[in-house]
Protein chains: 2
Amino acid sequence: MKHIADSTVRRLSAYLRFLEDFETRGLTTISSDELAKRGGTTSAQVRKDLSFFGSFGKRGLGYSVPELAGRLREILGLGREWKVIIVGAGKIGAALARHHGFQQRGFTITAVYDADPQIVGLDLDGLAVRDAGHLERDIHRDHPDIAVLAVPEQAAQAVTDRLVRAGIKAVLNFAPAQLQVPPEVTVKTVNMAMELEGLSFALTNRE
Amino acid sequence: MKHIADSTVRRLSAYLRFLEDFETRGLTTISSDELAKRGGTTSAQVRKDLSFFGSFGKRGLGYSVPELAGRLREILGLGREWKVIIVGAGKIGAALARHHGFQQRGFTITAVYDADPQIVGLDLDGLAVRDAGHLERDIHRDHPDIAVLAVPEQAAQAVTDRLVRAGIKAVLNFAPAQLQVPPEVTVKTVNMAMELEGLSFALTNRE
DNA sequence: GAGCGCTTGTGAATTGATTCACAAGATATA
DNA sequence: TATATCTTGTGAATCAATTCACAAGCGCTC
Ligand SMILES: NC(=O)c1ccc[n+]([C@@H]2O[C@H](COP(=O)([O-])OP(=O)(O)OC[C@H]3O[C@@H](n4cnc5c(N)ncnc54)[C@H](O)[C@@H]3O)[C@@H](O)[C@H]2O)c1
Ligand SMILES: NC(=O)c1ccc[n+]([C@@H]2O[C@H](COP(=O)([O-])OP(=O)(O)OC[C@H]3O[C@@H](n4cnc5c(N)ncnc54)[C@H](O)[C@@H]3O)[C@@H](O)[C@H]2O)c1
């Protein structure tokens with residue numbers, strides 16, 4: 001398959017969210033223009049994004065809301081359950097573990113780990129924090145798909161190396177670090193400090 | 001000034017982080033190539049990024065670490081304190097309020113708000129959660145620079161409208177919503193569901 | 001079933017970002 | 001002062017993403 005840009009995937013994800021909203025409001029068809037308005041883009045962009053994967057619309061009519069939603073779920077790989085583990089049960093890790101919004105898109109948090117004996121064993125809305133020493137054993141046994149990294153910056157690379165060695169192929173990283181991984185592993189980093197600095201730049205260099 | 005791409009600003013932010021690391025390790029000069037290796041980019045990219053703002057290096061030598069760090073702080077607007085308020089003191093809002101990592105870059109959390117009377121008054125590491133009803137009054141009085149939005153999706157647009165009307169010009173949004181704001185307001189959205197879906201896509205469409 | 005209004009799908013054109021490649025400046029050495 | 005070595009700064013070239021623009025398809029009406 002042709003290479004798909006990251007920005008395209010993000011927009012597909014946004015389109016799906018809008019479609020689900022339209023679906024609950026009982027609408028059955030939608031045009032690329034309505035979808036674009038909702039997502040702050042253009043109708044040509046919407047059609048181009050979809051065209052990488054096939055043609056899902058009807059000329060003169062638009063797209064069937066449930067059909068397009070289904071296609072997008074398929075494209076994004078949301079037709080199955082993904083097992084997610086969280087490493088680091090501190091402030092951000094605990095907030096994520098107790099967030100139930102990911103479940104509805106098929107991301108199930110199956111385990112949470114920490115290295116601090118004070119934290120191991122704590123209950124996070126029904127999930128007991130496990131000992132990070134058992135990470136490898138558990139990964140070999142349970143085969144989680146995605147690891148969320150919520151440990152301090154200094155520990156981030158070392159924990160990543162352990163995860164990768166144990167077979168993890170996808171990491172969502174919250175530490176403000178540029179992680180080194182082999183090419184078959186995908187990392188997405190959420191760097192809040194960087195976002196704040198982007199705002200600082202915008203406020204400073206407003207013309 | 002010429003328009004600067006978002007991706008450029010993010011890289012500048014990353015360079016600054018590396019420079020600070022080099023600084024603590026006692027290094028005094030660095031080449032664009034070393035900076036590039038550390039940030040997973042190329043030396044030409046580093047030099048091009050910097051060239052938008054001036055020429056800070058010495059041919060044959062590289063860049064002075066403390067000087068370049070200073071210039072980057074200036075460019076990013078980090079030479080001052082930014083007052084940040086957090087709206088929504090739930091799981092994610094509380095985690096952010098209790099995170100002390102933003103302070104060292106000059107982002108001071110000055111207040112946290114919530115609409116739930118059960119939550120108003122709670123102490124978050126020394127910050128008392130204020131009543132969201134006082135948002136406008138407090139913004140007029142304290143002039144915060146940046147608002148972090150950590151309220152449920154359904155409340156996000158309404159709260160944003162209130163913030164914008166009260167004069168806020170920069171918003172860091174954690175709700176999975178595409179916020180509508182006038183052009184003089186900058187919004188950055190951290191959408192974790194979208195990041196997870198990006199990983200799902202990568203795992204599914206691996207060639 | 002011809003004509004009209006609407007919207008898709010997609011090559012072509014354009015705009016934007018990254019990479020190339022090299023002249024020119026800086027230091028060091030003799 | 002001449003020469004060798006290194007690395008910047010930047011136009012030009014390439015690569016990538018977005019926008020344009022329009023032929024073609026679909027449904028509706030008469
Ligand atoms: N809290 C926030 O709002 C926030 C915001 C932005 C970025 N971050 C980043 O997220 C990461 C976590 O932040 P936090 O505020 O949750 O910190 P925290 O100190 O509250 O939590 C970190 C947890 O990781 C655990 N840990 C340390 N080493 C470990 C290891 N090797 N294996 C397993 N667990 C380990 C610690 O015991 C601790 O419980 C940091 O990198 C931080 O910079 C946090
Ligand atoms: N917790 C997470 O890990 C996580 C992850 C991804 C995204 N998010 C998003 O972040 C947002 C907050 O999530 P959360 O898990 O912290 O939810 P939460 O329910 O724990 O907290 C939300 C808080 O906002 C407050 N609130 C509601 N309306 C308000 C208003 N009008 N003014 C001020 N405060 C108001 C509520 O009282 C509550 O305390 C949501 O949009 C969620 O989708 C959270």
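Naming convention: chains lettered A, B, ... in sequence-line order (proteins, then strands); numbering from 1 in each chain. These numbers were taken from a predicted model, which means no experiment stands behind them.
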> What integer distance in Å separates A:Leu68:CG from C:dT7:P?
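The answer, rounded to whole Å, is 16 Å.
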
> Does B:Asp145 pair with B:Lys83 as a salt bridge, N-O distance under 4.0 Å?
no

> Check each residue of residues 10-19 of chain A for a non-hydrogen atom within less than 4.0 Å of any atom in DNA chain C, then write out the ones that pass by number, or none.
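Going residue by residue through residues 10-19 of chain A, none turns out to have a heavy atom under 4.0 Å of DNA chain C.
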
> Spell out, as yes or no, whether a donor-acceptor pair under 3.5 Å connects the side chain of A:Trp82 to the backbone of B:Leu196.
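No.
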
> What residues form a salt bridge (Lys or Arg N to Asp or Glu O under 4.0 Å) with A:Arg162, not counting sequence neighbours?
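A:Arg162: salt bridge (Lys or Arg N to Asp or Glu O under 4.0 Å) contacts with A:Glu136.
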
> Are any non-hydrogen side-chain atoms of B:Met192 and B:Ile92 less than 4.5 angstrom apart?
yes

> Check this for me, if you would: do A:Arg130 and A:Asp142 make a salt bridge, where the nitrogen-to-carboxylate-oxygen distance has to be below 4.0 angstrom?
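Yes, A:Arg130 and A:Asp142 are salt-bridged.
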
> Would you say D:dT8 has OP1 or OP2 under 4.0 Å from some side-chain N or O of B:Ser32?
yes

> Suppose we screen for salt bridge (Lys or Arg N to Asp or Glu O under 4.0 Å). Which residues come up paired with A:Arg165, at least two apart in sequence or across chains?
none

> Could you state the atom-to-atom distance from CD1 of A:Ile30 to C1' of C:dT8 in whole Å?
14 Å

> Can you pull out the residues from residues 41-66 of chain B that lie within a 4.0 Å heavy-atom distance of DNA chain C?
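The answer is B:Thr42, B:Ala44, B:Gln45, B:Arg47, B:Lys48, B:Lys58, B:Arg59, B:Gly60.
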
> Considering only residues two or more places apart or on different chains, which pairs with a residue in residues 171-198 of chain A satisfy salt bridge (charged side-chain N to carboxylate O under 4.0 Å, His left out)?
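Passing the test, one end in residues 171-198 of chain A: A:Asp6-A:Lys188, A:Glu195-B:Arg10, A:Glu197-B:Arg105.
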
> Using atom CG of A:Asp6 as one end and atom P of D:dA16 as the other, report the distance to the nearest whole Å.
14 Å

> Under 3.5 Å, is there a donor-acceptor pair linking the side chains of B:Thr108 and B:Gln103?
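A donor-acceptor contact under 3.5 Å links the two side chains.
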
> Could you tell me the separation between the CG atom of B:Asp33 and the P atom of C:dA21, rounded to a whole number of Å?
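Roughly 16 Å, once rounded to whole Å.
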
> Does B:Asp21 come within less than 4.0 Å of B:Arg38, counting only side-chain N to carboxylate O?
yes

> Kindly determine whether B:Ile85 and B:Leu135 satisfy side-chain contact (heavy atoms from CB on, under 4.5 Å), including the steps that lead there.
CA-CA 10 Å; B:Ile85 62 171; B:Leu135 255 180; 4.0 Å; yes

> What nitrogen or oxygen pairs link the protein and nucleotides 1-3 of chain D at under 3.5 Å?
none

> Do A:Gln157 and A:Thr160 have side-chain atoms, one donor and one acceptor, less than 3.5 Å apart?
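No - no donor-acceptor pair under 3.5 Å links their side chains.
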
